[in-house]
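Worksheet: the structure to be examined is printed underneath.
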Amino acid sequence: METLSLTAIGLGIIVVGAAIGISRIGQSAMESMSRQPEISGKIQTAMIVAAALIEGVALFGIVVAWLA
Amino acid sequence: MVLSAFSANHETEEGDVDVFGLIIGHISDSHHWHIIDYTNRHGQTIHLSLPLPVILWHDGEPWFYSSDEFYHSNTPATIGDDFVVLKDETFYITDSEGAVQYDENGHITNASPADFSITRNVASMFLSMVLIMSMFISAARGYARHGMAPPKGLRAVLEPLILFVRDDIARGQIDKDKADKFVPFLLTLFFFIWINNLIGLVPFFPGGSNLSGNISFTATLAVFSFFAINLFGSRDYWKHTFTAPGVPFFVKFLLVPVEFVGLFTKPFALMIRLFANITAGHIVILSLVTMIFILKSVYIAPVSILLSLVMLLLEFLVAVLQAYIFTMLTALFIGMSTSKAEH
């Protein structure tokens, strides 16, 4: 029970980190799209790639929590 | 009537549904393909499932069985001079009684034969291969017959997708002169992952397997990506990886190991990302459906069905998004490894 709750707390911290990261990506992508709508396609691609990399870290956490 | 995702026999004696066993049974592989459970006129519960071929390698020769022999009998099957039983989807070599030995931690100590069976996931992969090949071969025949005429039917669906992979993913990330060489690989990745994600979302018989949420499946794709990234690496890429030009001498001791580990973490991250996304999606949908059985109330059913419908729609987005991200990141890494350095 002890380890389970620690795992849950750790996962919570990871999710907070990933949420901050992805929200900052989304925020800055929206800002730059409104500044330069003509390259919004490129910004969107870069945004998805960066979000995927951050999401990867969060999923690493889930898998580690699974194994722990 | 229960959904095919609800593998056979997950009811305890008090009539409760074993939710955990049910979900694990769905997301893991199995040696038979469960279709439906129903109660017939005589009040008997029938577990209808498709038996799959079991192929075991023991004492240097292959052994063939139907998985029915293991699910519907309590006597062990013979394998050469020994006997074999199926316990929790793993085969164990036993004595003629079919009993397995446990150690003090409750793990089974019997030896296992090498298992090359056509499991549910493998059967599902064959299905997707037939689907993809028939789609693309008929589209290719269409182009051979009609040439550059405006595409119709299936070709009209596939052409924008293929062009998207070629123009946005491959040519967008990889140098112009090298991009086309990688287009077949990237197209295969994209459509194989996407179609398998979609088959996994179909809740009844020919779908419902968790193939793209299987770690071996994503690991195999990631190994292919690893070779595609590194076998075609340019001289600058390897120089950059192993000598880290332009940084102070002491920093090199730090940077070269990091770059070297980075060779393996990139495909590893691809593997984990696809596996965890698809498996998590399946678990969430099943958890929402099984809320009815956990709370034991009919009134929760509309809420549960509505939520799982919304999740299912989200999973349709995730299916294409994960296929796109896997292909996109592979193309990005290939682009990084094949390009000539500008520094």
Side-chain angles (χ1 to χ4, degrees), chain A, chain B residues 20 23-24 27-28 164-165 167-174 190 193 212-216 218-219 222 225 261-262 264-284 314 317-336:
Chain A
M1 211 54 217
E2 192 69 22
T3 50
L4 187 74
S5 59
L6 274 182
T7 316
I9 291 169
L11 262 182
I13 296 170
I14 291 171
V15 169
V16 168
I20 292 172
I22 290 183
S23 67
R24 284 193 41 84
I25 292 168
Q27 177 200 5
S28 40
M30 277 189 187
E31 275 172 11
S32 25
M33 275 184 214
S34 60
R35 275 165 214 246
Q36 278 177 297
E38 61 272 17
I39 57 160
S40 56
K42 275 186 179 173
I43 293 171
Q44 211 161 26
T45 309
M47 179 186 83
I48 288 175
V49 169
L53 291 172
I54 290 183
E55 185 202 49
V57 175
L59 292 171
F60 266 128
I62 290 176
V63 171
V64 169
W66 217 332
L67 298 177
Chain B
F20 187 74
I23 292 177
I24 294 298
I27 63 168
S28 51
F164 168 73
V165 173
D167 294 338
D168 286 16
I169 297 182
R171 291 186 181 168
Q173 313 302 326
I174 309 172
F190 182 77
I193 296 173
S212 46
N214 182 300
I215 193 93
S216 326
T218 60
S225 287
V261 171
F264 300 98
T265 53
K266 282 175 203 161
F268 190 76
L270 287 177
M271 170 183 95
I272 296 290
R273 182 177 300 112
L274 184 59
F275 158 73
N277 262 297
I278 302 303
T279 304
H282 282 232
I283 291 175
V284 169
L314 185 70
L317 174 70
V318 170
V320 67
L321 197 67
Q322 290 306 318
Y324 168 66
I325 284 174
F326 197 108
T327 319
M328 175 75 186
L329 287 177
T330 303
L332 194 79
F333 296 144
I334 290 173
M336 276 157 55

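We name chains A, B, ... by the order of the sequence lines, and we start the count at 1 in each one. Atom set for the values below is all heavy atoms of this structure, side chains included, hydrogens, waters and symmetry mates excluded.
Neither the backbone nor the side chain of B:Leu270 comes within contact range of chain A; no heavy atoms are under 4.5 Å apart.
Options B:Thr279, B:Asn277, B:Leu321 differ in how many heavy-atom pairs under 4.5 Å they form with chain A, and the most are formed by B:Asn277.
Interface with chain B: from residues 33-52 of chain A, residues A:Thr45, A:Ile48, A:Val49, A:Ala52 qualify, criterion being any non-hydrogen pair under 4.5 Å.
Between atom CD of residue A:Glu55 and atom CD1 of residue B:Ile325 there is a gap of 6.0 Å, rounded to the nearest 0.5 Å.
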